[in-house]
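The structure appears right after this line, and notes come after that.
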Number of protein chains: 2
Amino acid sequence: MMSDDKDKKRFGIKDIAKLANVSIGTVDRVLNNRKDVSEATRKKVKDIIKEYNYQPNLYARSLSVKNNIKISVIIPKTSLQTGYWQLCLEGIRKGIQELEPFGIQTEVFLYDQEDVHTFLEVSEKTIKSQFNAVVIAPIFIKETEAFVKKCHRKKLQTIYINSDIPTKSTLGYIGPDLNSTGRLAGNLTSYLVGTNAKILILNIAKGLENYKYLDTKIEGYKTYLNNLNKNFRIEVVDIPYNEYTEVEKELWSSIRKSNPDVLFVTNSRVSVVGRFFYDHQEIKKPYIIGFDFLEANVDYLSKGIVDFLICQRPDKQGYFALNYLYRFFLLKENVMNFKPMPIDIITVENYMFYEN
Amino acid sequence: MMSDDKDKKRFGIKDIAKLANVSIGTVDRVLNNRKDVSEATRKKVKDIIKEYNYQPNLYARSLSVKNNIKISVIIPKTSLQTGYWQLCLEGIRKGIQELEPFGIQTEVFLYDQEDVHTFLEVSEKTIKSQFNAVVIAPIFIKETEAFVKKCHRKKLQTIYINSDIPTKSTLGYIGPDLNSTGRLAGNLTSYLVGTNAKILILNIAKGLENYKYLDTKIEGYKTYLNNLNKNFRIEVVDIPYNEYTEVEKELWSSIRKSNPDVLFVTNSRVSVVGRFFYDHQEIKKPYIIGFDFLEANVDYLSKGIVDFLICQRPDKQGYFALNYLYRFFLLKENVMNFKPMPIDIITVENYMFYEN
DNA sequence: TATTCTCTCGTTAACGTTACCGAACATTGC
DNA sequence: GCAATGTTCGGTAACGTTAACGAGAGAATA
């Protein structure tokens, strides 16, 4: 009613131009660090920008600029056994959708984590096309390292998600700290059992030789528990199968043998262990700790069979990687080193609120 | 190189217009459900929109539209004893910053949670000014209910954060489910101790009569544990003080008396209990469970004195409330009912990765 | 028949920024 | 002294959308 609503115009490029007695073109040149501006006027404009704390309107910028940035995303394809990568893909799709109006084109390549040739194939495709950056979830370590080296020669930015490998990418790594992940499992274990407890560590996956990173988790787990000096008896068993019937046989024999108080499954395959104890309720169930917020895992969590799920939000990782590239290319933000992703603890009493 | 890079122009309002043989003005009228369009052309345009799955460019829209939406945020002010609201405020500030380029004006009012008059004052100010919506963190229940009723009469949208109260707001509640929060604490407790364990529940705060919601937590906690039929001996003690020296005296006597195995602090004041056991290392420390990711709490977590912190991300709540209003007013998205916020479990082994 | 009104629709300025084009002037080379 | 080249800057179209303005056709009124 009253002339109370002062026209709160945004302080923009035009206002700077007026104050500095130059054209908006010149201001733009200063803002974007382009040439063709004398030092005197550059300083004058910069001073005003600082004085008035000018903040560019990112929405206007994204409207004006026509981007031509192409991003390749290379991750394992979802298999029946591990819905894990489905979650990652969902985060990536969300990121793609947000970036699309900015003119960033993204192409997703899925490879079979049991077949190195499929990885070589998609990496070759990425090299051949004109991409500006590539997001990689490394499984085949040697092949991935060779690939990123090629990328760097072609000035292609690289970024890892999910697990880190020795050869550094240009933009870093987005994912959990695997050693800490193991330590956290150890920490939870220490609350569950006392001196002399028997602990069984299970690696369940076909082609275990490709999952070097599991060793890091195990090391963190063992180190943590051994440092407590409680004489825990820890045993590691590899079960290199994917099919339930095969896994069941192995489980049957090793659980018979060691009769553990705690079962620590080092990856997302904990649901098969859940199923085992669901099917064999005659056996006394140990405490069970596993990884990842997959439907099957949550199912056995809700049934009270799995006790703790340690989760690392694969969807956030995928989304974050794309968001990071957006900031790198469009906002030209300085590259920060990533903090590792959060590690979440999920039980039967908080799983229903996880992931908004 | 090759003419491979097809001009991937965005499919926009102009393309719709061309396909429908109308002007962009007409398309805009259809898109925004305005009048002055014949039914025939309206249908024709709508069909094309659906067929081509047109997605409006929100950045262009926000550039074009000049909003005049004013939001009031009413939360407790940060006190020395509880840095909790500082976190909430930070999330809100982040939200404000993001919304500012859309022309949404936000004003934050802080009130003293120990002085109801300060709340009445800021609520009065909100009513007097011309706001479109108000975000409220309810502490004084009766006064808040009277206030939201006034708001509704003035067509002012309301939304609660942090805790819910019986009189419904128009846009719902963003925060944790308090009963589940207590159940989760019970769940963790059940992993720590066995039959006949002694458990002490501590309510620590000046003016406890204002913290009705604590009862909900306690109820969830007790119900969960009693259902286990393990004959837990649970005791509740109120300590209606804020000063450490006063709290210490009370703690001293009640811990002497009941010598608990588990200490459950129902709010963010768990750090004072941490300090107590840090100062009195001669006393055998029980397991300690408390709430909220405050610096002081995390400090005693890292020292190994506090065992579990249950956290509800107050910053996310504040941010989410503003983001929700943005979607409500600008994107005109349909109001969905909120899922409660996640409830996180923090230990000495994952606190360093919390909150990216 | 002239006037007004209503309904439908096209045209256009504006939002804040980017990037290209070329003007104005200064400097260099012959 | 004149052309060629450089340097610095202003002007402006464009990005996709919104909303104000007004044009044209036909209906209703005088």
Side-chain angles (χ1 to χ4, degrees), chain A residues 7-46 48-49 52-69 99-104 329-332, chain B residues 7-46 48-49 52-69 99-104 329-332:
Chain A
D7 274 304
K8 286 212 179 170
K9 287 273 196 181
R10 239 190 109 80
F11 181 81
I13 210 175
K14 274 188 218 158
D15 307 283
I16 300 173
K18 209 171 293 169
L19 287 168
N21 266 322
V22 296
S23 76
I24 59 169
T26 302
V27 177
D28 185 61
R29 275 182 283 264
V30 174
L31 279 171
N32 294 58
N33 287 319
R34 288 182 300 179
K35 54 175 191 168
D36 294 346
V37 190
S38 70
E39 264 323 303
T41 51
R42 190 180 291 274
K43 176 167 169 25
K44 190 167 54 175
V45 172
K46 275 196 168 170
I48 291 173
I49 288 171
Y52 287 82
N53 185 31
Y54 162 75
Q55 299 289 111
N57 185 325
L58 301 182
Y59 307 100
R61 171 180 295 172
S62 69
L63 235 203
S64 168
V65 94
K66 55 160 168 268
N67 290 301
N68 200 17
I69 291 173
L99 263 46
E100 198 255 334
F102 291 103
I104 298 181
F329 282 114
L330 298 212
L331 307 189
K332 295 152 193 165
Chain B
D7 274 305
K8 286 214 180 170
K9 286 275 197 178
R10 238 191 110 80
F11 181 81
I13 210 173
K14 274 188 219 160
D15 306 283
I16 300 173
K18 210 171 291 168
L19 287 167
N21 266 323
V22 294
S23 75
I24 59 168
T26 303
V27 176
D28 184 62
R29 275 182 282 264
V30 174
L31 280 171
N32 294 60
N33 286 319
R34 287 182 301 178
K35 53 175 192 171
D36 294 345
V37 191
S38 71
E39 265 323 303
T41 51
R42 192 181 290 274
K43 174 164 169 30
K44 189 166 55 174
V45 171
K46 276 195 169 169
I48 291 173
I49 288 172
Y52 287 81
N53 185 30
Y54 162 75
Q55 299 288 110
N57 184 326
L58 301 182
Y59 308 100
R61 170 181 295 173
S62 70
L63 236 203
S64 169
V65 93
K66 56 160 168 267
N67 289 300
N68 200 18
I69 291 173
L99 263 45
E100 198 256 334
F102 291 104
I104 297 182
F329 282 112
L330 297 211
L331 308 190
K332 296 154 194 164

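Keep in mind that what you see is a predicted model, and the values were worked out from it rather than measured. Quick note on labels: first sequence line is chain A, next is B, and so on, each numbered from 1.
K46(B) pairs by the salt bridge (charged side-chain N to carboxylate O under 4.0 Å, His left out) definition with nothing, not counting sequence neighbours. By the side chain to side chain donor-acceptor pair (under 3.5 Å) test, N57(A) pairs with no residue at all, sequence neighbours left out.
Closest contact between the side chain of L63(A) and the listed nucleotides dT17(C), dG16(D), dT18(C) involves dG16(D). For R29(B), counting side-chain heavy atoms from C-beta on, the closest listed nucleotide (dA19(C), dT17(D), dC9(C)) is dC9(C). Checked against dT12(D), dC9(C), dT17(D), the side chain of D36(B) finds its nearest nucleotide in dC9(C). Taking every side-chain heavy atom of S38(B) into account, dC9(C) is the closest of dC9(D), dC9(C), dT11(C).
Contact check, K14(A) against dT17(C): no side-chain N or O comes under 4.0 Å of OP1 or OP2. In this model, the phosphate group of dT18(D) is not approached by any side-chain N or O of Y59(B) to a distance below 4.0 Å at OP1 or OP2. The side chain of N57(A) places no N or O atom within less than 4.0 Å of a non-bridging phosphate oxygen (OP1 or OP2) of dC15(C). For S64(B), no side-chain nitrogen or oxygen approaches OP1 or OP2 of dA19(D) to under 4.0 Å. Between T26(B) and dG10(C) there is a side-chain polar atom (N or O) within less than 4.0 angstrom of OP1 or OP2. Listed pair S23(A) / dG10(D) meets the phosphate criterion, a side-chain N or O lying under 4.0 Å from OP1 or OP2.
One axis for each end of the helix from dT1(C)-dA30(D) to dC30(C)-dG1(D), each built from five base pairs, and the angle between them comes to 60° at 10° resolution.
Taking atom CZ of residue F11(B) and atom C1' of nucleotide dG16(D), one finds them 13 Å apart after rounding to whole Å. In this structure, I13(B) atom CD1 and dT11(C) atom C1' are separated by 14 Å, rounded to whole Å.
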